[in-house]
Amino acid sequence: MAGEKIVGVAVDFSSCSRKALKWATDNIIRDGDHLVLITVQPEGYYEDGEMQLWEVTGSPMIPLAEFSDPVIMKKYKMKPDPETLDLLNTVARQKEIVVVLKIYWGDAREKICEAIDKIPLSCLVIGNRGLGKIKRAIMGSVSNFVVNNGSCPITVVKQSDHEP
């Protein structure tokens with residue numbers, strides 16, 4: 001992997017994470033890089049089926065071709081949005097990059113930091129929903145926690161005020 005980076009993007013398939021993904025593909029990803037999408041499902045979401053096997057380590061790396069298949073993603077109880085899949089397929093083809101998805105279960109803040117070290121990532125891009133000070137104080141900011149505790153360079157892509 002000479003000169004190739006492993007770039008992580010935290011996604012929840014919202015418009016905010018799609019913006020972070022678009023920013024990463026436009027500004028960081030280069031030909032031959034590896035793009036790892038990291039998503040975290042709430043605890044208890046894995047109660048049945050194969051997901052119990054991956055409770056601690058997260059799912060195996062799921063290639064783009066597989067997580068584009070609704071039948072396969074149903075087994076993970078996930079439904080990636082068509083806009084994100086279209087963006088990923090286009091970028092993978094144009095830049096000849098490897099795209100995989102890794103699913104974790106638990107607290108998003110902790111699991112994203114864990115992914116940085118275990119994958120390991122060269123850098124991470126994460127969206128920011130732009131919560132107000134009160135909501136951020138009560139709920140906590142995932143991006144703020146990851147910036148302060150992550151062990152690689154982290155870029156936060158902010159959602160502007162006029163975006164949904």
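Computed from a predicted structure; not experimentally measured.
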Pairs involving residues 88-102, ordered by first then second residue, that meet side chain to side chain donor-acceptor pair (under 3.5 Å) (sequence neighbours left out): none

Side-chain contact test, heavy atoms from C-beta onward, threshold under 4.5 Å: evaluate it for [X] versus [Y] and give yes or no.
{"X": "Ile28", "Y": "Val125", "value": "yes"}
{"X": "Val11", "Y": "Ile38", "value": "no"}
{"X": "Ile103", "Y": "Leu101", "value": "yes"}
{"X": "Val142", "Y": "Ile126", "value": "yes"}

Could you tell me which residues satisfy salt bridge (charged side-chain N to carboxylate O under 4.0 Å, His left out) with Asp26, sequence neighbours excluded, listed by chain and number? Lys22

With Glu83, which residues qualify under salt bridge (charged side-chain N to carboxylate O under 4.0 Å, His left out), at least two apart? Arg18

Can Trp105 be reached from Met78 by stepping across I, L, V, M, F, W or Y side chains whose heavy atoms are under 4.5 Å apart?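 In one cluster with Met78: Trp105, yes.
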
Do you reckon Trp23 sits in the same ILVMFWY cluster as Val99, going by side-chain contacts under 4.5 Å, direct or chained?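 Same cluster: Trp23 reaches Val99 through Ile, Leu, Val, Met, Phe, Trp or Tyr contacts under 4.5 Å.
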
Yes or no on side chain to side chain contact (heavy atoms under 4.5 Å, CB included) for Leu87 and Val91, after CA distance, side-chain angles and deciding distance? CA-CA 6 Å; Leu87 172 64; Val91 170; 4.0 Å; yes

Closest heavy-atom contact between Asp107 and Val40? C-CG1, 4.1 Å

Which atoms form the tightest heavy-atom contact between Ala20 and Val9, and what is the distance?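 Scanning both residues, the minimum pair turns out to be C-CG1, 4.3 Å.
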
Between Leu21 and Thr84, is a side chain to side chain contact (heavy atoms under 4.5 Å, CB included) present by the stated rule, with each step listed? CA-CA 8 Å; Leu21 176 61; Thr84 300; 3.7 Å; yes

Quick check against the 3.5 Å criterion: does Asp33 have a side-chain atom that pairs as donor or acceptor with the backbone of Arg30?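 Present.
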
Say whether, by atom type as modelled, one donor and one acceptor occur between the side chain of Lys19 and the main chain of Lys158 under 3.5 angstrom.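 Confirmed, Lys19 side chain pairs with Lys158 backbone.
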
Under 3.5 Å donor-acceptor pairs involving side-chain atoms of residues 60-70, not counting sequence neighbours:
from	atom 1	to	atom 2	distance (Å)
Ser68	OG	Leu64	O	2.8
Asp69	OD1	Val71	N	2.9

Please tabulate, for the side chains in residues 112-124, all donor-acceptor contacts under 3.5 angstrom to protein atoms that are two or more places apart in sequence or on a different chain.
from	atom 1	to	atom 2	distance (Å)
Asp117	OD1	Ser151	OG	2.3
Ser122	OG	Ile6	N	3.0

According to side chain to side chain contact (heavy atoms under 4.5 Å, CB included), who are the partners of Asp12, at least two apart in sequence or on a separate chain?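 Side chain to side chain contact (heavy atoms under 4.5 Å, CB included) check on Asp12 returns Ser14, Ser17, Arg129.
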
Calculate, to the nearest 0.5 Å, the distance between atoms CD and CZ belonging to Glu110 and Phe145 respectively. 6.0 Å

To the nearest 0.5 Å, what is the distance between OG on Ser59 and CD on Gln41? 10.0 Å

